[in-house]
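Remarks on the structure that follows.
In what follows, chains are A, B, ... by sequence order, proteins preceding strands, each numbered from 1. No experiment lies behind these values; they were computed from the predicted model shown.
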Number of protein chains: 2
Amino acid sequence: MNKKRVTVVEIAQAAGVSKSTVSLVLQNSPLVNEATRAKVTAVIRELGYVYNRGAANLRQSGSNSKIIGLVVNDLTNSFFAELAVGVDMVVQSAGYVQFLSHTGESPDRQREVITSMREHGISGLIVSPARGTQAIDLKPLIASGIPVVATVRNVAGAKVSSLMSDNHGGAMAAVEHLVALGHHRIAFLGGFADTGVFTERYQGYADALQRAGIVLEEALIIGSAPSRAGGVDAIMRAMQLADKPTAALCFNDAVAFGVCDGLRAQRLEPGADFAVIGFDDVIEAKSAVPALTTVSVDPQGMGQKAAQLLLKQINAGQPEAEAIVSSVRLVVRESCGATKQGEQRRITG
Amino acid sequence: MNKKRVTVVEIAQAAGVSKSTVSLVLQNSPLVNEATRAKVTAVIRELGYVYNRGAANLRQSGSNSKIIGLVVNDLTNSFFAELAVGVDMVVQSAGYVQFLSHTGESPDRQREVITSMREHGISGLIVSPARGTQAIDLKPLIASGIPVVATVRNVAGAKVSSLMSDNHGGAMAAVEHLVALGHHRIAFLGGFADTGVFTERYQGYADALQRAGIVLEEALIIGSAPSRAGGVDAIMRAMQLADKPTAALCFNDAVAFGVCDGLRAQRLEPGADFAVIGFDDVIEAKSAVPALTTVSVDPQGMGQKAAQLLLKQINAGQPEAEAIVSSVRLVVRESCGATKQGEQRRITG
DNA sequence: CTGTTAGCGCATTCAC
DNA sequence: GTGAATGCGCTAACAG
């Protein structure tokens with residue numbers, strides 16, 4: 001029952017014209033008679049012809065496959081799922097299809113899927129590199145002239161465009177927001193100073209305080225595990241200070257949730273009695289504490305930007321040789337409106 | 001800088017052999033001398049040759065593109081994200097790549113992406129149909145001999161394999177679980193009797209009761225909106241009965257969460273004072289109430305099964321003409337261990 | 001074991 | 001406007 005694919009020749013014969021005429025019709029060329037065009041399109045529909053992009057692409061000898069690759073390290077994380085949706089949106093409307101693969105943080109798997117994608121002739125690649133990705137992993141790809149953009153994490157030494165969140169700017173925005181609300185004793189809670197992300201966020205916090213003319217107090221910087229439990233721990237310690245803070249910027253959302261837990265344990269209502277802002281790294285589901293202000297990067301927006309950047313490079317023909325960093329700005333988002341996010345998710349029926 | 005792709009001829013010349021020899025090497029044919037093989041592979045690596053699957057596939061004229069398509073209606077829903085991961089796993093290890101597209105419940109978009117995938121010569125398709133998908137949408141695809149398997153929802157009238165959750169069996173399992181725990185006044189809360197899903201689950205509930213020799217009481221069937229608020233409403237009404245239930249099977253997880261809310265409002269601890277089981281449709285995030293028993297289908301497992309089913313059909317060459325229903329069994333999962341699911345999700349650093 | 005020949009389905013010159 | 005050739009990168013038959 002495995003029917004062979006209908007080809008141009010067959011529809012040419014059926015329509016009583018030549019193959020090239022059919023080809024012209026397929027490309028909407030104006031050099032073809034209206035009558036013949038109608039005839040041809042009719043036959044095409046009738047015989048159920050489908051365009052063979054592979055063959056077409058082969059003939060044009062330039063890699064114009066109209067397919068882009070997207071490789072993420074953890075699709076299970078809703079951040080990346082949304083990123084993929086964003087990419088898919090712009091990619092789809094540009095007439096491309098997307099290869100999507102999941103590496104599960106394995107550089108080996110990543111190498112495999114990337115070569116596989118190359119064999120299929122992708123015209124561009126968006127990658128959220130697995131931990132431990134080396135520049136050499138992307139080297140042959142970019143050497144062959146295929147545009148690559150890295151998201152979320154960048155690859156040291158690789159000459160690719162990178163799209164990352166502006167942690168520094170986001171932290172500054174958060175602090176400025178709190179200052180505008182009248183706070184001047186603002187703690188920085190959670191995380192350990194051993195990651196680049198921590199440094200960026202902490203530096204933004206420090207810079208914003210300085211700009212606001214507030215002196216930074218070491219006592220208000222309280223490190224902890226970047227988890228919910230860590231957050232509880234951090235706020236507990238903060239509230240034992242003689243001169244308590246009135247607000248806190250948390251290293252990430254898990255910490256922020258923990259901080260809220262800790263506050264409630266002390267009969268304080270987060271948002272009312274004590275302001276808390278967390279970076280939204282999508283570690284914790286939002287629905288549990290809807291009344292939390294977060295600093296976040298919109299994953300779909302990031303995906304769209306990445307795709308646009310990639311398409312621009314594809315169309316330019318000349319991928320950027322230099323690594324450019326186009327950062328997605330984090331924004332302070334007041335989410336106290338208790339968005340009923342859960343309501344719109346369902347799979348049944 | 002857009003380097004042309006290296007071809008077999010070039011590496012043939014460089015290695016001082018003919019193209020077919022190279023071809024044989026590429027296919028790991030045993031008909032080639034060890035020495036020449038070594039020479040050829042060396043040159044291949046040196047020149048950075050990449051296999052052109054498009055051309056190969058063209059020559060073999062049979063659709064053996066080694067790519068499968070996956071179209072989901074809402075990748076934003078973690079259920080589908082996990083499904084995609086499951087599909088990707090088996091597809092990857094079978095040497096395939098996956099086209100992934102997102103329809104956002106739009107049948108039009110779905111038609112577009114499917115044709116696009118067809119043009120690229122997919123050798124199989126897994127689809128979670130958008131609401132409103134007609135059999136005619138899949139007709140041309142299956143007519144061309146490309147295996148299709150539908151997941152989660154099936155398409156009425158389309159002769160495709162479908163993979164759906166066993167709502168009936170899941171409900172029975174849940175009730176049996178409760179009966180084993182000693183309950184005999186078990187309510188069925190939430191949902192409206194206007195969907196197929198409701199009917200299936202309700203029927204499973206009824207059948208299990210009968211099997212356990214418990215007479216079904218109309219009063220214990222309390223419909224409501226399939227939402228958290230609906231759950232609160234339902235349990236409130238249930239607890240006003242003269243003869244109160246001691247356990248409840250909820251139409252979905254949102255309802256279950258609402259039921260828990262309602263119980264707490266009455267100073268009852270879910271799981272301890274009153275047993276509640278919910279179908280896990282991933283409507284509500286789990287982290288909020290970790291101590292809830294759910295009946296759920298593992299999305300990754302479902303994805304894997306779908307992919308396996310598809311690959312089997314692809315390899316058989318003869319896609320099933322008849323629609324077969326291979327159901328994924330829902331299982332009762334005791335999650336009172338307070339799984340710290342949030343901890344393992346992070347994107348930073 | 002290795003080289004030669006002939007297409008796969010399509011788009012692109014060129015003639016007509 | 002339309003038809004006849006040619007080649008994209010590769011594999012499948014055969015010949016050597």
Exercise. Is A:Val9 touching bases, backbone alone, or none of the nucleic acid, heavy atoms closer than 4.0 Å?
Worked result: nothing
Problem set entry | Those residues that, when tested against B:Ala38, pass side-chain contact (heavy atoms from CB on, under 4.5 Å) (two or more places apart) | none
For this session: Evaluate the side-chain contact (heavy atoms from CB on, under 4.5 Å) criterion for residues B:Asp137 and B:Ile114: first the C-alpha distance (whole Å), next the side-chain angles of each, then the deciding distance (0.1 Å), finally the verdict.
Result: CA-CA 9 Å; B:Asp137 294 331; B:Ile114 289 181; 6.0 Å; no
Problem set entry | Distance in angstrom units between A:Leu24 CG and C:dT12 C1', rounded | 10 Å
For this session: Give the rounded distance in Å between these two atoms: CD1 of A:Ile11 and P of C:dG9.
Result: 14 Å
Problem set entry | Nearest non-hydrogen partners of A:Asp88 and B:Leu100, listed with the distance | OD1-O, 3.7 Å
Seminar exercise, completed: B:Gln60 CD to D:dA12 C1', in whole Å, measures 10 Å
Problem set entry | Atom-to-atom span, NZ of A:Lys19 to P of C:dT13 - whole angstrom | 17 Å
For this session: Classify the side chain of B:Ser23 and the base of D:dA12 as holding, or not holding, a donor-acceptor pair under 3.5 Å.
Result: no
Seminar exercise, completed: Checking C:dA11, D:dC10, D:dA12 against the side chain of B:Tyr51 (C-beta onward), the nearest is D:dC10
For this session: Indicate the atoms forming the closest heavy-atom contact of A:Ala14 with A:Val43, along with that distance.
Result: CB-CG1, 3.6 Å
For this session: Write down the atom of B:Tyr49, the atom of B:Val6, and the distance for their closest heavy-atom approach.
Result: CD1-O, 3.2 Å
Exercise. Can you list the steps and then say if A:Glu112 with A:Arg109 is a salt bridge (Lys or Arg N to Asp or Glu O under 4.0 Å)?
Worked result: CA-CA 5 Å; A:Glu112 285 175 21; A:Arg109 280 278 274 269; 5.3 Å; no
Seminar exercise, completed: Of C:dG9, C:dG3, C:dA11, the nucleotide closest to the side chain of A:Leu58 is C:dG9
For this session: Choose from C:dG9, D:dC10, C:dC10 the nucleotide whose nearest atom is closest to any side-chain atom of A:Val8.
Result: C:dC10
For this session: Could you tell me the separation between the CD atom of A:Glu119 and the C1' atom of D:dC10, rounded to a whole number of Å?
Result: 13 Å
For this session: Mind checking side-chain contact (heavy atoms from CB on, under 4.5 Å) for B:Ser116 and listing every partner two or more places apart, or none if nothing turns up?
Result: A:Val97, B:His120
Exercise. Taking CD from A:Gln13 and P from D:dT2, how many angstroms apart are they, rounded to a whole number?
Worked result: 18 Å
Exercise. Given A:Arg153 and A:Glu105, is the salt bridge (Lys or Arg N to Asp or Glu O under 4.0 Å) satisfied, shown in steps?
Worked result: CA-CA 12 Å; A:Arg153 304 206 264 251; A:Glu105 295 283 14; 2.8 Å; yes
For this session: Enumerate the residues from residues 26-39 of chain B whose closest heavy atom to DNA chain C is under 4.0 Å, giving them by residue number; use none for an empty result.
Result: B:Leu31, B:Val32, B:Asn33, B:Thr36
Seminar exercise, completed: Between B:Ala55 and B:Ser18, whichever has its closest DNA chain C nucleotide further toward 5' is B:Ser18
For this session: Dot-bracket notation for DNA chain D is requested: 5' to 3', Watson-Crick or G-U wobble pairs only, both distances under 3.5 Å, with ( ), [ ], | and . as defined.
Result: ||||||||||||||.|
For this session: Looking only at side-chain atoms of A:Val17, point me to the closest of C:dT2, D:dG3, C:dC10.
Result: D:dG3
Exercise. Of the non-hydrogen atoms in B:Asp74 and B:Phe80, which two are nearest, and what is the gap between them?
Worked result: O-CD1, 3.2 Å
Problem set entry | Minimum heavy-atom distance between B:Gln110 and B:Ala130, given as atom pair plus value | OE1-N, 2.8 Å
Exercise. Reckon B:Thr7 touches a base, only the sugar-phosphate, or nothing at all at heavy-atom distances under 4.0 Å?
Worked result: sugar-phosphate
Could you pull out the protein-nucleic contacts involving nucleotides 14-16 of chain D (nitrogen or oxygen on both sides, under 3.5 Å)?
none

For this session: State which of C:dC10, C:dT12, C:dC8 makes the closest approach to the side chain of A:Ser20.
Result: C:dT12
Problem set entry | Protein-nucleotide distance (A:Asn52, atom CG; C:dA11, atom C1'), rounded to Å | 12 Å
Problem set entry | salt bridge (Lys or Arg N to Asp or Glu O under 4.0 Å) partners of residues 91-103 of chain A, not counting sequence neighbours, each pair once | none
For this session: Find the distance A:Asn64:CG to D:dG9:C1' and express it as a whole number of Å.
Result: 17 Å
Exercise. With distance as the sole test, does B:Ser162 use its side chain to make a donor-acceptor pair with the main-chain N or O of B:Asn154 at under 3.5 Å?
Worked result: no
